[in-house]
Trainee: 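The structure is given below, and queries will be raised subsequently.
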Amino acid sequence: MTQIHTATAPVAGRAVTLAFDDNALLPLLLGDHDRHLVRLEQGFGVRLACRGNRVAISGDPERVQAAQAALTGLWRRLEKGEGVASGDVDAAIRMSARGADEDPRLPLSDLPAIRTRRGAVGPRSPGQSAYMDILGRHEMVFALGPAGTGKTYLAVAQAVAMLLAGRVERIVLCRPAVEAGERLGFLPGDLKEKIDPYLRPLYDALHDMMPGDQVIRRMGTGEIEVAPLAFMRGRTLAHAFVILDEAQNTTEAQMKMFLTRMGEGTRMVITGDLTQIDLPPGTRSGLRDAVETLEGVQGIGFARFGVRDVVRHPLVGRIVDAYDQRAAAARETVRGKSRRESDGTGQS
C-alpha cells in the first residue's frame, strides 16, 4: 500500500482512500464479487467503494478508522503470502473494532501467534489475544466462556507448539465422560469405542495442528495421550502439557483430583462453559468451585470470553447472545419477585 488520502465526507463524517500497489493481490483482498468488502461494510457500518487500485472508506470517523485498520491488516497478510478467507475478514473486524470500555486495539501484525507445522495460529478476537498471552505466561490457566470462542483449539495449538519446540515431553488431553442429554453407555463396542465420541473434538483439533500420520505415531509412542478424566486418578504428570476440556462437567472431587496431578515442568489448561453444565441436578460443578476457590492464587491465570469472541459462524454468536439475554431476563424476574415478597407487596 503506497498512499492514504484523507478528506472530509460530504455528510458529517470522514473519508479515507487507500491506494494498493499490487494489482495481483487486490482481487484477493476484495474477495469474489467484492464479498469481503461487503462484509467489512456490514461489520463496521461504513461505505466502501473500489475503483481501480483504490478503496474509498466513508462514514463515522471512528468507524472509518477501524475499517482502515482492518483493510491494512488484511493487506499485510497478503503481502506475507498468507490467504484471506471469510473467517480472516471476520477476525479483522473483531480485532479492529473497539468499544469505549476496551483496551486500545493492536495492529494485526503485532499480535502474538502460536506456530505449528501447519503455520501460525493467530488470535481472531480481543479475548483470544489476551488468552494467548495468558497461555504463554502461566503454568495453570482456566479458560471460561461460550462455545465457539477457541478455548480448546488455542490450548491444543499451544500444546503442539511446545511439544514440537521440546519444551514439554508429551501432551495429555482429557474430558469428563458425561452425556449431554443422551445415553451412550449401551452402544456396542469396547471401552475405546464408547469413549471416543466424548474425545472427538480433541482429536479434530490435533489433526488441524499436525499431519494425521504424525498424530497416530506420537499417540503410539505416548507423546500424545487422549483419555477420559477418570484415567487420571493416581497419576503424577510431569513435563507435560495437560488440557482438561468441558471442565464444567466435573464434580468438585474430580476437579481437585485433576489439579493435584500437576508435576514438575507441567502446564495445565482447564476449559469450560458454566452455562452448559450436564451434571445431574443438585451436583455442583467442579469448575465453578475451582474458579471461586482459586481466583487470585499466584501463578494461575484466568481467561474469560464473551459473545464477541465467538469465531464460528456469525449465527453462533447471535444464538449465544439470545440465550444469555433470556437467562438475564429470568434472573431479573426472580429478583423482582424476591424484592416484592420482602417488601410484603407480593401476592400470597
Trainee: Testing the basics here: between S125 and D309, what is the closest heavy-atom pair and its distance to 0.1 Å?
Mentor: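 For S125 and D309, the tightest heavy-atom pair comes out as OG-OD1, 2.8 Å.
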Trainee: Rounded to the nearest 0.5 Å, what's the gap from CG on L202 to CD on E225? Could you check?
Mentor: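 One gets 12.0 Å once the value is rounded to the nearest 0.5 Å.
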Trainee: Which heavy atom of L40 sits nearest to which heavy atom of A70, and what is that distance?
Mentor: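 Nearest heavy atoms, L40 then A70: CD2-CB, 4.2 Å.
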Trainee: Sort out for me which residue in V242, L294, I300 forms a side chain to side chain contact (heavy atoms under 4.5 Å, CB included) with L259.
Mentor: L294
Trainee: Between V55 and L30, is the side chain to side chain contact (heavy atoms under 4.5 Å, CB included) condition met? List the steps.
Mentor: CA-CA 9 Å; V55 175; L30 304 179; 4.3 Å; yes
Trainee: Assess whether atom CD of E139 is packed by more than 12 heavy atoms of other residues, nucleotides or ligands within 6.0 Å.
Mentor: no
Trainee: Hey, could you give me the CG/CZ distance between L206 and R218, rounded to the nearest 0.5 Å?
Mentor: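 CZ of R218 is found 11.0 Å from CG of L206.
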Trainee: Determine, stepwise, if the pair V89 / R35 fulfils side chain to side chain contact (heavy atoms under 4.5 Å, CB included).
Mentor: CA-CA 10 Å; V89 176; R35 61 190 176 94; over 6 Å; no
Trainee: Do you know which two heavy atoms are closest between P146 and D273, and how far apart they sit?
Mentor: CA-OD2, 3.5 Å
Trainee: Measure the shortest side-chain to side-chain distance between V121 and M209 over non-hydrogen atoms and say whether it is less than 4.5 angstrom.
Mentor: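 In contact.
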Trainee: Find out whether F258 and L229 are in side-chain contact, i.e. whether some heavy atom of one side chain is under 4.5 Å from a heavy atom of the other.
Mentor: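 A side-chain contact exists here, since the closest heavy-atom pair is under 4.5 Å.
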Trainee: From M268 CE over to M262 CE, what is the distance, rounded to the nearest 0.5 angstrom?
Mentor: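 Nearest 0.5 Å value for the CE-CE distance: 6.0 Å.
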Trainee: Given 3.5 Å as the limit, does a donor-acceptor pair link the side chain of E264 with the main chain of H239, or not?
Mentor: no
Trainee: Atom CD1 in I171, atom CE in M162: separation rounded to 0.5 Å?
Mentor: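 Rounded to the nearest 0.5 Å, the CD1-CE separation comes to 10.0 Å.
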Trainee: With the side chain counted from C-beta on, respond yes when T271 and Y153 share a heavy-atom pair under 4.5 Å apart, and no when they do not.
Mentor: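 Result no, sub-4.5 Å side-chain heavy-atom pair not found.
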Trainee: Quick one: does R77's side chain have a donor or acceptor within less than 3.5 Å of a partner on G83's backbone?
Mentor: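 Confirmed, R77 side chain pairs with G83 backbone.
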Trainee: Measure the CG-CE distance between L163 and M210 for me, rounded to the nearest 0.5 Å.
Mentor: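 One gets 6.0 Å once the value is rounded to the nearest 0.5 Å.
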Trainee: Run the side chain to side chain contact (heavy atoms under 4.5 Å, CB included) check on R47 and E41 step by step: do they pass?
Mentor: CA-CA 6 Å; R47 172 71 176 167; E41 279 188 329; 3.7 Å; yes
Trainee: Could you note down all residue pairs passing salt bridge (charged side-chain N to carboxylate O under 4.0 Å, His left out) where residues 152-163 supplies at least one of them, sequence neighbours left out?
Mentor: none
Trainee: Are the side chain of N53 and the backbone N or O of F20 linked by a donor-acceptor pair below 3.5 Å?
Mentor: yes
Trainee: Given the rule that I, L, V, M, F, W and Y join up when any side-chain heavy atoms are under 4.5 Å apart, are F231 and I270 in one cluster?
Mentor: yes
Trainee: Quick test of your reading: applying salt bridge (charged side-chain N to carboxylate O under 4.0 Å, His left out), list the pairs with at least one residue in residues 286-304, sequence neighbours left out, ordered by first then second residue.
Mentor: R284-D289, R284-E292, E295-R304
Trainee: Is there a side-chain contact between Y203 and V215, using heavy atoms and a 4.5 Å cut-off?
Mentor: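 A side-chain contact is absent here, since even the closest heavy-atom pair is not under 4.5 Å.
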Trainee: Is there a donor-acceptor contact under 3.5 Å from the side chain of T266 to the main chain of A240?
Mentor: yes
Trainee: How about I57 and L71: do any of their side-chain heavy atoms sit closer than 4.5 Å?
Mentor: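 I57 reaches L71 side chain to side chain.
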Trainee: Taking all heavy atoms of Q158 and all of L135, pick out the closest pair and write down the distance.
Mentor: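 Shortest heavy-atom separation between Q158 and L135 comes out as NE2-O, 3.8 Å.
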Trainee: Is any side-chain heavy atom of V172 less than 4.5 Å from a side-chain heavy atom of R261?
Mentor: no
Trainee: When rounded to the nearest 0.5 angstrom, what distance separates CZ in R175 from CG in N249?
Mentor: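 Rounded to the nearest 0.5 Å, the CZ-CG separation comes out at 9.0 Å.
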Trainee: Can you give me the closest heavy-atom contact between S86 and H36, atom names plus distance?
Mentor: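 Heavy atoms of S86 and H36 come nearest at N-CE1, 4.0 Å.
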Trainee: Between M255 and A247, which heavy-atom pair has the shortest distance, and what is it?
Mentor: CE-CB, 3.9 Å
Trainee: When clusters are formed by joining ILVMFWY residues with side-chain heavy atoms under 4.5 Å apart, either directly or through shared neighbours, do V84 and V38 land in the same one?
Mentor: no
Trainee: Salt bridge or not for D90 and R124, using N-O below 4.0 Å?
Mentor: no
Trainee: Flag the pair L144 / L287 as yes when at least one side-chain heavy-atom distance between them is below 4.5 Å, and no otherwise.
Mentor: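 In short, these two side chains touch, coming nearer than 4.5 Å.
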Trainee: Pick out which of F305, F302, Y131 makes a ring pair (Phe, Tyr, Trp, His ring centres under 6.0 Å) with F142.
Mentor: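 Running ring pair (Phe, Tyr, Trp, His ring centres under 6.0 Å) over F305, F302, Y131 with F142 returns exactly one hit, F302.
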Trainee: Testing the 3.5 Å rule here: is there a donor-acceptor pair between the side chains of E252 and Q254?
Mentor: no
Trainee: Are the side chains of R267 and V269 in touch, meaning some heavy atoms are under 4.5 Å apart?
Mentor: no
Trainee: With sequence neighbours excluded, what pairs up with R326 under the side-chain contact (heavy atoms from CB on, under 4.5 Å) test?
Mentor: Y323
Trainee: Surrounding CZ of R233 (heavy atoms of other residues, nucleotides or ligands, distance under 6.0 Å), is the total greater than 12?
Mentor: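 No - once you tally the heavy atoms of other residues, nucleotides and ligands closer than 6.0 Å, there are 12 at most.
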